[in-house]
Visitor: 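Below is one structure. I have some questions about it.
Here is how names work: the chains are called A, B, and so on, in the same order as the sequence lines, proteins then strands, and each is numbered from 1. We use all heavy atoms of the structure for the numbers below, so side chains are in, but hydrogens, waters and symmetry mates are not. In this text, all values refer to a predicted model and were calculated from it rather than measured experimentally.
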There are 2 protein chains.
Amino acid sequence: MARAGLSTERLVRAGAELADEVGFGQVTVSALARRFDVQVASLYSHVKSSQDLKTRIALLALEELADRAADALAGRAGKDALVAFADVYRDYARAHPGRYTAARLRLDPETAATSAGVRHAQMTRAILRGYDLTEPDETHAVRMLGSVFHGFVDLELSGGFSHSAPDSQQSWTRVLDALDALLRNWPAPA
Amino acid sequence: MARAGLSTERLVRAGAELADEVGFGQVTVSALARRFDVQVASLYSHVKSSQDLKTRIALLALEELADRAADALAGRAGKDALVAFADVYRDYARAHPGRYTAARLRLDPETAATSAGVRHAQMTRAILRGYDLTEPDETHAVRMLGSVFHGFVDLELSGGFSHSAPDSQQSWTRVLDALDALLRNWPAPA
DNA sequence: TGTATTTGCCTAAAGCTTTTAGGCAAATTA
DNA sequence: TAATTTGCCTAAAAGCTTTAGGCAAATACA
């Protein structure tokens with residue numbers, strides 16, 4: 001019989017596509033085997049388990065996101081950088097909802113430490129260097145930005161803003177305006 | 001044989017407890033049947049499907065959250081209300097991680113429209129009435145608050161802030177300070 | 001080029017979850 | 001007490017996960 005040419009790499013890529021098509025929750029080893037027209041057990045030579053597959057998809061998504069974010073940040077600073085960075089998240093989530101969901105998978109600490117998640121944190125700090133925050137406020141701001149971006153995108157993705165005016169794009173723009181204003185004028189502890 | 005005294009109500013409650021113990025993702029009809037020491041098929045008289053069970057747990061969590069939020073808001077206004085409301089989310093998520101995850105389940109529009117989610121939106125607006133925002137800025141602010149609360153709590157729940165200083169409580173306090181300052185001084189469009 | 005080794009996908013099989021169908025017995029109502 | 005409803009049961013089919021062991025194709029090497 002001819003071989004299908006499976007590899008961990010190809011499986012993970014196909015898994016990511018599958019996630020975007022049918023939702024990350026529906027990504028199964030079985031579905032992937034069907035896609036390659038191959039017996040389910042065959043995939044277990046390339047992937048340790050269903051969980052392993054999902055983790056690898058998450059890591060792929062994190063890398064793709066970090067790459068795009070790095071591109072977007074090149075040559076930008078201040079609000080320009082903030083908006084470009086934020087838009088990368090939102091656009092990625094809209095274009096690749098399954099991958100984005102995967103990127104939010106809980107990783108165990110050591111996996112997380114060697115993932116592209118680290119680059120995300122570094123880039124967020126790079127943006128904040130355009131504002132005059134000192135520690136520990138910069139850390140608080142890093143966390144706030146992460147919260148807003150993820151929170152907004154999650155809510156938008158799960159339909160929280162649809163069917164209500166104004167459309168979410170307008171809120172996104174105004175929220176980023178507000179964040180920029182806030183960072184330029186970060187308040188002292190109450 | 002003696003009857004176990006199952007009911008939709010009891011199943012949903014037990015399902016919520018199970019979710020808090022082993023994670024919402026691990027809530028299955030089978031696991032629930034085991035907990036009641038009953039055959040799996042028996043549960044299908046009380047619950048339409050696995051999805052139905054999960055949706056009901058989500059609705060329960062949304063109601064519990066709304067009830068607590070309403071209690072917390074009673075007699076409070078301004079920043080006091082903002083902080084109390086935000087703390088309800090965070091505390092609930094920490095005390096009931098499985099239920100909180102359930103509360104974030106994507107509901108179909110009609111289910112969502114009759115859920116306690118509506119009360120959440122109303123309460124957020126009530127808080128904002130303590131600040132001088134007019135439409136459409138109030139709506140943008142509603143969305144921003146929802147994003148920050150959910151985003152922060154999600155990140156905290158998935159371990160995003162652990163093992164790094166300062167501890168997340170400090171960031172939470174300062175983020176709420178910042179949000180209060182921002183709402184008191186909401187910027188005009190850029 | 002022929003042989004040896006590695007690698008890739010296969011069959012088989014066990015265990016778990018979901019869901020439907022039909023049945024008997026316990027609880028409720030009359 | 002008899003009739004009806006309700007609750008949990010057994011049985012069974014179908015799908016996903018995972019392990020074990022095997023044959024054949026690809027690769028390495030002489």
Visitor: Can you list everything that forms a side-chain contact (heavy atoms from CB on, under 4.5 Å) with B:His96? Sequence neighbours excluded, please.
Guide: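 B:His96 satisfies side-chain contact (heavy atoms from CB on, under 4.5 Å) with B:Asp20, B:Arg68, B:Tyr92, B:Arg99 once adjacent residues are dropped.
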Visitor: Hey, is the side chain of B:His46 poking within less than 4.0 Å of OP1 or OP2 on D:dC8, counting only N and O atoms?
Guide: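 Looking at the OP1 and OP2 atoms of D:dC8, one of them is under 4.0 Å from a side-chain N or O of B:His46.
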Visitor: Tell me the salt bridge (charged side-chain N to carboxylate O under 4.0 Å, His left out) pairs involving residues 179-190 of chain A, sequence neighbours left out?
Guide: A:Asp180-A:Arg184
Visitor: Does any residue of residues 54-61 of chain A have a heavy atom under 4.0 Å from DNA chain D, and if so, which ones, in number order?
Guide: none
Visitor: Going by heavy atoms closer than 4.0 Å, what residues in residues 13-41 of chain B are next to DNA chain D?
Guide: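 Contacts with DNA chain D under 4.0 Å: B:Val38, B:Gln39, B:Ala41.
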Visitor: Below 3.5 Å, can you tabulate the donor-acceptor pairs from side chains in residues 4-15 of chain B to any protein atom, sequence neighbours excluded?
Guide:
unit_1  : atom_1 : unit_2  : atom_2 : d
B:Ser7  : OG     : B:Arg10 : N      : 3.1
B:Thr8  : OG1    : B:His46 : O      : 2.7
B:Glu9  : OE2    : B:Arg13 : NE     : 3.3
B:Glu9  : OE2    : B:Arg13 : NH2    : 3.4
B:Arg10 : NH1    : B:Ala4  : O      : 3.2
B:Arg10 : NH1    : B:Gly5  : O      : 2.8

Visitor: Can you measure B:Leu11 atom CG to C:dT18 atom P for me and round it to whole angstrom units?
Guide: 13 Å
Visitor: Could you tell me which residues satisfy salt bridge (charged side-chain N to carboxylate O under 4.0 Å, His left out) with A:Asp87, sequence neighbours excluded, listed by chain and number?
Guide: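 For A:Asp87 there are no salt bridge (charged side-chain N to carboxylate O under 4.0 Å, His left out) partners, ignoring immediate neighbours.
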Visitor: Given atom OH of A:Tyr44 and atom P of D:dT18, what is their separation to the nearest angstrom?
Guide: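 Interatomic distance, OH of A:Tyr44 to P of D:dT18: 4 Å.
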Visitor: Restricting to side-chain contact (heavy atoms from CB on, under 4.5 Å), what partner residues turn up for A:Tyr44, sequence neighbours left out?
Guide: A:Val29, A:Val40
Visitor: Tell me every residue that passes side-chain contact (heavy atoms from CB on, under 4.5 Å) with A:Val22, counting only those two or more places apart in sequence or in another chain.
Guide: A:Leu18, A:Gln26
Visitor: What's the CG-P distance between A:Leu43 and C:dT7, to the nearest Å?
Guide: 19 Å
Visitor: Using rotation axes that map the C1' atoms of four end pairs onto the next four (five pairs an end), what angle separates the end axes of the helix from C:dT1-D:dA30 to C:dA30-D:dT1, to 10°?
Guide: 10°
Visitor: List the atom pairs, with distances to 0.1 Å, where a side-chain N or O of residues 74-85 of chain A and a protein N or O form a donor-acceptor pair under 3.5 Å, not counting sequence neighbours.
Guide:
unit_1  : atom_1 : unit_2   : atom_2 : d
A:Arg76 : NE     : A:Ala72  : O      : 2.8
A:Lys79 : NZ     : A:Asp177 : OD1    : 2.6

Visitor: If you define the side chain from C-beta out and look only at heavy atoms, does anything of A:Leu53 sit under 4.5 Å from A:Leu32?
Guide: yes
Visitor: D:dC9 phosphate, OP1 or OP2: any side-chain N/O from B:Ser42 under 4.0 angstrom?
Guide: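 Looking at the OP1 and OP2 atoms of D:dC9, one of them is under 4.0 Å from a side-chain N or O of B:Ser42.
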Visitor: Can you sort out the partners of A:Arg35 under salt bridge (charged side-chain N to carboxylate O under 4.0 Å, His left out), two or more places apart, ordered by chain and number?
Guide: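 Expected list: A:Glu21.
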Visitor: According to salt bridge (charged side-chain N to carboxylate O under 4.0 Å, His left out), does anything in residues 159-173 of chain A pair up with another residue at least two apart or in another chain? List the pairs.
Guide: none
Visitor: Check for a donor-acceptor pair, side chain of B:Ser115 on one end and backbone N or O of B:Ala112 on the other, with a separation under 3.5 Å.
Guide: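 Side chain of B:Ser115 to backbone of B:Ala112: a pair is present.
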